[in-house]
Amino acid sequence: MRAPRLSRREALAGVAIGAVAGGAAMRLADAAESAAPQAVRPFDGPRQAGIVPPPQDHLTLAAFDLHTPDRADLPRLLRSWTELVVALCGADPVAHDTGERTGLALGRLTVTVGFGTSLFDGRYGLGARRPAGLAPDALPGDDRLDPRRSGGDLLVQVRGDDRQVVFHAVHQLTNAALGIARRRWTQHGFLSRAGSGETPRNLFGFKDGTVNPGADDDAALARHVWVASGPLTGGTYLVYRRIRMRMQAWDRSSLDVQEHAVGRRKAGGGALDGGDERAPLALRSAPPRSHVRLAHPDANDGVRMLRRAYNYDDGATADGEPDAGMAFLCFVADPARQVGSMLTRMERHDELHRYLVHTGGGVYAVPLAPAPGEHLGEELFR
Ligand code: HEM
């Protein structure tokens with residue numbers, strides 16, 4: 001049932017070569033792709049799926065807390081999740097249930113597993129294994145987030161084009177955790193026509209995801225996304241923020257004010273002084289307090305990130321305002337350096353920030369795909 005995968009040695013070679021020369025890691029992944037019998041694969045070559053390839057239409061993030069007193073339950077759970085990921089994204093999807101998914105297309109399903117900061121807090125003797133990028137209150141404003149929507153020992157990111165297939169995947173992962181871990185929070189997200197090749201739009205109507213390292217830009221991925229050393233080598237960090245967008249305040253702002261807050265045109269996504277969406281944006285063409293100016297690499301010591309934001313709609317807040325916004329997701333090699341300082345700048349100077357309320361979030365270590373015979377994260381806990 002397992003799809004062909006690369007050995008750990010090949011995978012790590014891919015990481016090292018990618019970091020030095022670029023190109024190799026993705027070529028290894030491409031080789032795995034051409035060897036795979038089906039379009040959906042549990043892992044993206046040496047890496048977990050659901051990171052670099054373009055986004056799907058639907059997202060569910062599910063965070064779990066361990067409640068078992070037995071440390072041995074953690075590898076047990078990770079082994080069953082590993083088998084489940086292979087089964088869910090493999091050729092025989094009904095192997096682990098009684099056919100609930102019968103007749104539904106896989107729809108580019110991916111499952112990504114990450115480990116939260118609290119997993120390394122000492123309850124399970126893992127304190128010394130904590131990856132350097134996970135630290136309590138790593139990001140500014142973490143202390144103001146709602147704990148019921150934040151953190152968690154484990155995170156699964158499930159994405160796919162069919163909402164029901166995504167549901168079943170999350171449901172089965174939850175079932176496999178029964179008695180060991182329970183759901184802490186869940187966040188659903190959606191995008192319109194994510195697979196069309198066009199940049200999706202956020203709920204403010206702007207194209208979102210234009211500036212991102214390309215899937216074949218190995219040098220940029222090696223520099224900004226993959227961790228270069230330590231137990232998480234070749235993996236990455238998933239940084240999540242649940243950001244409510246103040247839709248009513250936005251609706252009261254003119255198009256001109258909106259475009260000056262973002263720093264790009266709403267309709268076409270180009271710079272304010274002309275050019276199309278894909279034209280490189282010169283720093284001086286964006287207003288000083290605009291979002292794209294403050295987030296631009298030239299204003300952030302060259303920092304870039306792989307963004308994978310989704311829209312969410314959770315009804316209304318207690319005040320009757322729309323509880324809708326962005327499940328902001330990005331993958332980075334160093335959360336504090338790449339995301340922390342940008343969040344501080346945004347909070348202090350960004351015009352767009354006036355329309356945003358950060359309500360939840362977390363940072364999660366995402367290890368490589370498991371080596372043959374191993375489970376997800378085994379390397380991290382050995
Ligand atoms: C609801 C919150 C947010 C909204 C509505 C939003 C919207 C946008 C839009 C419309 C763009 C321009 C198009 C593009 O390049 O994708 C953009 C770019 C960008 N955003 Fe955000 N964003 C949000 C939150 C964040 C956060 C929290 C971060 C980082 C901590 C961030 C980092 C970036 C970066 C790095 C760029 C690319 C800048 C460049 O190189 O030109 N954004 N965002």
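Numbering of ligands and ligand atoms starts at 1, following listing order.
One finds a salt bridge joining Arg241 and Asp142 here, because a Lys/Arg side-chain nitrogen approaches an Asp/Glu carboxylate oxygen to under 4.0 Å. A salt bridge links Glu374 with Arg382; the closest basic N to acidic carboxylate O contact falls under 4.0 Å. The pair Glu259-Arg264 does not count as a salt bridge, with every side-chain nitrogen at least 4.0 angstrom from each carboxylate oxygen. Ion pairing between a basic and an acidic side chain is recognised when a charged N comes within 4.0 Å of a carboxylate O; Asp70 and Arg76 show such pairing. Salt bridge annotation for Arg79-Glu378: present, with a cationic side-chain nitrogen under 4.0 angstrom from a carboxylate oxygen. At a threshold of 4.0 Å, the pair Asp276-Arg278 does not count as salt-bridged, since none of the basic side-chain nitrogens sits closer than that to a carboxylate oxygen. A salt bridge links Asp153 with Arg123; the closest basic N to acidic carboxylate O contact falls under 4.0 Å.
In this structure, atom 10 (C) of ligand 1 lies nearest to the protein heavy atom Lys207 O, 3.4 Å. Protein heavy atom nearest atom 1 (C) of ligand 1, with residue, atom name and distance: Leu356 CD2, 3.5 Å. Closest to atom 9 (C) of ligand 1 among all protein heavy atoms lies Asp208 OD2, 3.9 Å. In this structure, the protein non-hydrogen atom closest to atom 11 (C) of ligand 1 is Val292 CG1, 4.0 Å. Arg307 NH2, 3.5 Å is the protein heavy atom nearest to atom 37 (C) of ligand 1. The protein non-hydrogen atom at the shortest distance from atom 4 (C) of ligand 1 is Met326 CE, 3.5 Å. Of the protein's heavy atoms, His291 NE2, 3.0 Å lies nearest to atom 42 (N) of ligand 1. Counting only heavy atoms of the protein, atom 29 (C) of ligand 1 lies nearest to Phe328 CZ, 3.6 Å.
By the criterion of a heavy-atom distance under 4.0 Å, the side chain of Asn202, and not its backbone, is placed next to ligand 1. With a 4.0 Å heavy-atom cut-off, ligand 1 is reached by the backbone of Val211 and by its side chain too. Looking at Leu281 against ligand 1, nothing comes within 4.0 Å, counting heavy atoms. Under 4.0 Å from ligand 1, not a single heavy atom of Asn212 appears. Neither the backbone nor the side chain of Thr199 has a heavy atom within less than 4.0 Å of ligand 1. The proximity of Met245 to ligand 1, defined as any non-hydrogen pair under 4.0 Å, is limited to the side chain. With a 4.0 Å cut-off on non-hydrogen atoms, Ile243 touches ligand 1 through its side chain and not its backbone.
In this structure, Gly209 has a heavy atom closer than 4.0 Å to ligand 1. Not a single heavy atom of Arg241 sits under 4.0 Å from any atom of ligand 1. Taking a 4.0 Å cut-off on heavy atoms, Glu277 fails to register as neighbouring ligand 1. A heavy-atom separation below 4.0 Å is not found between Val239 and ligand 1. Using a 4.0 Å heavy-atom cutoff, Met346 is listed among the residues neighbouring ligand 1.
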Fill in: Audit row: Glu351, Ser290, side chain to side chain donor-acceptor pair (under 3.5 Å) steps and yes/no
CA-CA 6 Å; Glu351 283 290 326; Ser290 66; over 6 Å; no
Discussion item. One pair to check against side chain to side chain donor-acceptor pair (under 3.5 Å): Arg242 and Gln187. What are the steps and the verdict?
Written reply: CA-CA 8 Å; Arg242 181 181 186 274; Gln187 183 65 54; 2.8 Å; yes
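Remark: Asp301 CG is loosely packed, at most 12 non-hydrogen atoms of other residues, nucleotides or ligands lying under 6.0 Å away. Shown here is Gln164, whose CD atom has no more than 12 heavy atoms of other residues, nucleotides or ligands within 6.0 Å.
Atoms of ligand 1 found under 4.0 Å from any heavy atom of Val262, numbered from 1 in the order shown, are 10 (C). Less than 4.0 angstrom separates some heavy atom of Arg264 from each of these atoms of ligand 1: 12 (C), 13 (C). Listed by atom number, the atoms of ligand 1 under 4.0 Å from Phe206 heavy atoms are 10 (C).
Using cut-offs of 30° and 60° for the angle between ring planes, the His353 and His358 rings count as tilted. The aromatic rings of His168 and His171 stand perpendicular to each other, their planes meeting at an angle above 60°, with 30° marking the opposite boundary. Ring orientation note: the planes of Tyr355 and Phe204 are nearly perpendicular, at an angle over 60° on the 30°/60° scale. Taking the six-membered ring where the residue is Trp, Trp185 and Tyr240 present parallel rings, their angle staying beneath 30° rather than reaching 60°.
Which of Ala261, Pro297, Ala286 comes nearest to atom 40 (O) of ligand 1 through a heavy atom is settled by distance: it is Pro297.
Inclusion of Thr210 in the set of residues having an N or O under 3.5 Å from an N or O of ligand 1 is warranted.
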